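See below for the structure under consideration.
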Protein chains: 2
Amino acid sequence: MALPSGPVTTSSEAEAVLFDLVDVYDRAYEAAAAELSLSPAQACVLGRLDERRGMGALAEELGCDASNITQIVVRLEALGLVTREPNPRDRRARLVARTPQGDEINHRFATAFTFARTAVGRLSPDEQDQLTALLRKALG
Amino acid sequence: MALPSGPVTTSSEAEAVLFDLVDVYDRAYEAAAAELSLSPAQACVLGRLDERRGMGALAEELGCDASNITQIVVRLEALGLVTREPNPRDRRARLVARTPQGDEINHRFATAFTFARTAVGRLSPDEQDQLTALLRKALG
DNA sequence: CTTGTTTACTTGAGTGAATCAAGGATCATT
DNA sequence: AATGATCCTTGATTCACTCAAGTAAACAAG
């Protein structure tokens with residue numbers, strides 16, 4: 001989603017700021033990925049491989065079709081960032097794991113994606129707690 | 001972006017909540033669009049046509065290539081939600097405007113996309129002001 | 001053990017977003 | 001009238017995403 005999500009009509013100021021936040025966050029994420037020549041989806045998957053895991057687990061966590069994950073992982077594999085090893089316990093399944101290069105790129109991505117860190121860093125510890133509490137309440 | 005944006009590693013709780021918010025927001029936007037058989041990008045463009053305007057203006061506001069807008073608008077036109085009239089003052093340009101049907105769908109979208117409204121509605125007026133202030137500060 | 005079912009993943013087809021390069025038409029300037 | 005910039009479209013390409021079908025292996029009876 002390169003195009004922003006909203007606003008249709010923002011009735012309250014809080015809604016407008018919320019929208020701004022989401023927009024800036026998404027763009028920052030995309031930009032950080034682009035710096036490493038990754039698509040946002042690739043960066044996302046790569047970031048969820050701190051431990052090796054199956055394709056199905058990824059699909060479920062990310063809430064998308066398994067075939068989508070297959071494609072993304074195939075591309076990450078072609079880039080040398082990920083391997084797909086057969087699962088010795090279940091020969092239907094395959095375990096996806098980051099390569100050392102994948103670790104390196106993932107680390108660089110984490111460094112490049114400064115938005116959340118920076119935004120939170122603009123707040124005092126007290127304010128951070130307030131924000132956390134407010135957002136939790138807002139999320140229901 | 002159906003796949004979530006983040007987290008790589010969330011160092012603070014505030015960052016984690018921020019990520020949650022963005023994720024839920026994006027998914028809600030997508031779901032609301034899907035209810036009306038629109039893509040998120042289509043809903044986005046449709047929502048920015050309260051006044052008729054040129055393709056270029058849309059592209060600039062949405063930060064993407066003009067040819068991308070062309071495609072999206074062509075599809076919206078095929079759905080009968082939008083018209084592209086020639087600009088009498090400049091025959092290179094075309095003015096995009098919602099049709100009555102487009103207005104209707106846009107309104108239904110605004111109704112279906114309840115996330116921001118609902119989230120903010122969980123907070124008292126005071127809390128809403130606090131949230132607005134905190135997010136403004138965090139956004140820098 | 002073989003039959004049938006479920007599970008895990010891949011493949012293929014199709015849609016749409018997005019970008020880039022190139023082109024046509026029109027405007028604006030000299 | 002010629003030049004160059006502007007507005008938009010077209011074409012080519014990549015990728016994300018979904019759905020329908022298919023393969024292969026696990027699993028559970030009979």
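Just so it is clear, the model here is predicted, and its values are computed rather than measured. Below, chain A is the first sequence line, B the second, and so on; all start at residue 1.
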*Tell me, which of residues 63-73 of chain B have any heavy atom that sits under 4.0 Å from an atom in DNA chain C?*
B/C64, B/D65, B/S67, B/N68, B/Q71, B/I72
Euclidean distance, atom [atom1] of residue [X] to atom [atom2] of [N] [Å, nearest integer]:
| X | N | atom1 | atom2 | answer |
| --- | --- | --- | --- | --- |
| A/L3 | D/dA16 | CG | P | 17 Å |
| A/L58 | C/dT10 | CG | P | 11 Å |
| A/E85 | C/dA8 | CD | P | 19 Å |
| A/E77 | C/dC9 | CD | C1' | 13 Å |
| A/R75 | D/dT14 | CZ | P | 10 Å |
| A/E60 | C/dC9 | CD | C1' | 15 Å |
| B/L76 | C/dG16 | CG | P | 11 Å |

_B/R136: partners by side chain to side chain donor-acceptor pair (under 3.5 Å), with sequence neighbours left out_ = A/E13
*Short side-chain N/O contact to D/dT9 OP1/OP2 from B/R84, under 4.0 Å*: yes
*Looking at B/L123, B/L131, B/D20, which hits side-chain contact (heavy atoms from CB on, under 4.5 Å) with A/L135?*
B/L131
_Applying side-chain contact (heavy atoms from CB on, under 4.5 Å), can you list everything that pairs with A/D23, at least two apart in sequence or on another chain?_
A/P4, A/F19, A/R27
*What about A/V45 and A/L36, same hydrophobic cluster or not, with Ile/Leu/Val/Met/Phe/Trp/Tyr joined at side-chain heavy-atom distances under 4.5 Å?*
yes
*When clusters are formed by joining ILVMFWY residues with side-chain heavy atoms under 4.5 Å apart, either directly or through shared neighbours, do A/L139 and A/L18 land in the same one?*
yes
Kindly give the atom pairs (protein nitrogen or oxygen, nucleotide nitrogen or oxygen) under 3.5 Å for nucleotides 23-27 of chain C.
from	atom 1	to	atom 2	distance (Å)
C/dT26	O2	B/R92	NH1	3.4
C/dC27	OP1	B/R91	N	2.9
C/dC27	OP2	B/R91	NH2	3.3

*Is the B/Y25 ring parallel, tilted or perpendicular to the B/Y29 ring (thresholds 30°, 60°)?*
parallel
Residues 37-44 of chain B, side-chain donor-acceptor partners within the protein, below 3.5 Å, at least two apart:
from	atom 1	to	atom 2	distance (Å)
B/S39	OG	B/Q42	N	3.1
B/Q42	OE1	B/S39	N	3.0

*If you check the A/Q42 side chain, which of D/dA16, D/dC8, C/dA18 turns out closest?*
D/dA16
*From B/R48 CZ over to B/N106 CG, what is the distance, rounded to the nearest 0.5 angstrom?*
11.5 Å
Listing, residues 71-83 of chain B side-chain donor-acceptor contacts under 3.5 Å, not counting sequence neighbours, or none:
from	atom 1	to	atom 2	distance (Å)
B/E77	OE1	B/R84	NE	3.3
B/E77	OE1	B/R84	NH2	3.0

